[in-house]
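A short write-up of the structure that comes next.
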Amino acid sequence: MKRRTKIVVLGSALLLTAGAASAATASDAPRERATASDAPLGRATASEPRQREAAALTGTAKLYRSAGDDITFSFDAHLAAKDKADPSKATGTFAFSHYLNGEGARAEVKVDCLLTGGKVAVVSGVITDSDLPGAEGKRVGVTVHDLGRRDRLGYSWASTGSPVDTEELPTCVSSAPFEKVAKGTGDFKVVPWQPAL
């Protein structure tokens, strides 16, 4: 297969599948939860009560595909309580991969925005590592609907064909969660944002 054709096949694989957690496993995805303020509950002190983080999206799951595609998404995104008023201060990572018949690609992303409402989360970030040529440096967004064992997911490149073809995507932008999670593969968790309105 010629190099150009292979690149197109890899790009199409990512587009058609919506991505997935890193090709390896969720434990292989980079983590950036270094501060106590990012934890779900901060440590209580005598003068300060416990405070939950402002928003979060965590978990790993595979998407359902009747053709047998191996598509995985993994999230570890957090908005600290102290940053409640600014979703662009979210930290963490997410990863996705899409493989079929031994071909495909994976990507790791540094979070730059997280918005949640009820059981729906929209997270975006910039691809920091990928084996898809031209993907690094591109911003992507993902939407998750936390429905227990029936979670759904959408991604910004659903209408562009590939993250590589996305130009100047704004932060926290994605598509409706149209994909279904494969039965028994995992469970996404959304911590709802509660801004002062």
### Task
Compare all side-chain heavy atoms of R150 with those of H145 and state whether any distance is below 4.5 angstrom.
no
### Closest contact, heavy atoms only, A55 versus T116
CB-OG1, 3.5 Å
### Message
Contact between P163 and I127 at the side-chain level, heavy atoms closer than 4.5 Å - yes or no?
### Response
yes
### Task
Report the C-alpha separation of F75 and L153 in whole Å, then their side-chain angles, then the decisive distance to 0.1 Å, and conclude whether the side chain to side chain contact (heavy atoms under 4.5 Å, CB included) test is met.
CA-CA 12 Å; F75 301 95; L153 185 142; 4.0 Å; yes
### Task
Scan residues 70-103 for pairs that pass disulfide bond (SG atoms under 2.5 Å apart), counting only residues two or more places apart or in two chains.
none
### Message
Tell me which pairs pass disulfide bond (SG atoms under 2.5 Å apart) where either residue lies in residues 99-172, with sequence neighbours left out.
### Response
C113-C172
#### Entry: Residues that D86 engages under salt bridge (Lys or Arg N to Asp or Glu O under 4.0 Å), provided they are two or more places apart
none
### Task
Report the distance from atom CG of L114 to atom CG of D83, rounding to the nearest 0.5 Å.
11.5 Å
### Task
Determine yes or no for a side-chain-to-main-chain donor-acceptor pair under 3.5 angstrom, with S156 supplying the side chain and V140 the backbone.
no
#### Entry: N/O donor-acceptor pair under 3.5 Å between D76 side chain and G92 backbone
no
### Task
Work out which heavy atom in V190 is nearest to a heavy atom in G118; give both atom names and the distance.
CG1-O, 3.7 Å
### Query
Checking side chain to side chain contact (heavy atoms under 4.5 Å, CB included) for the pair D165/W157: CA distance, chi angles, key distance, verdict?
CA-CA 8 Å; D165 298 326; W157 59 97; over 6 Å; no
### Query
Side-chain heavy atoms under 4.5 angstrom apart, residues restricted to Ile, Leu, Val, Met, Phe, Trp, Tyr: same cluster for F178 and V123?
yes
### From CG (L63) to OG1 (T185), nearest 0.5 Å
8.0 Å
### Query
Which atom pair, heavy atoms only, marks the closest approach of A90 to L79?
N-CD1, 3.7 Å
### Any donor-acceptor N/O pair, K138 side chain to T166 backbone, under 3.5 Å
yes
### Task
Would you confirm whether S130, through its side chain, and E136, through its main-chain N or O, come within 3.5 Å as a donor-acceptor pair?
no
### Minimum heavy-atom distance L57-F188, with the two atoms named
CD1-CB, 4.5 Å
### Message
Is there a side-chain contact between F94 and V144 in this structure, where contact means two heavy atoms from C-beta onward sitting under 4.5 Å apart?
### Response
no
### Task
Please examine the side chains of H78 and T58, heavy atoms only from C-beta on, and report whether any two atoms are closer than 4.5 Å.
yes
### Query
So, do D187 and D151 sit near enough that their side-chain heavy atoms are less than 4.5 Å apart?
yes
### Message
Looking only at the side chains, is there a donor atom on one of S124 and D112 sitting less than 3.5 Å from an acceptor on the other?
### Response
yes
### Query
Minimum heavy-atom separation for A105 to L132, with atom names?
CB-CB, 3.9 Å
### Query
At their closest point, which heavy atom of S175 faces which heavy atom of A158, and how far apart are they?
OG-CB, 4.2 Å
### Query
Has the side chain of T143 got a donor or acceptor atom that lies under 3.5 Å from a matching backbone atom of V122?
no
### Query
So, the side chain of K189 versus the backbone of G59: is there a donor-acceptor pair under 3.5 Å, distance only?
no
#### Entry: Sub-4.5 Å side-chain heavy-atom contact between R152 and L147
yes
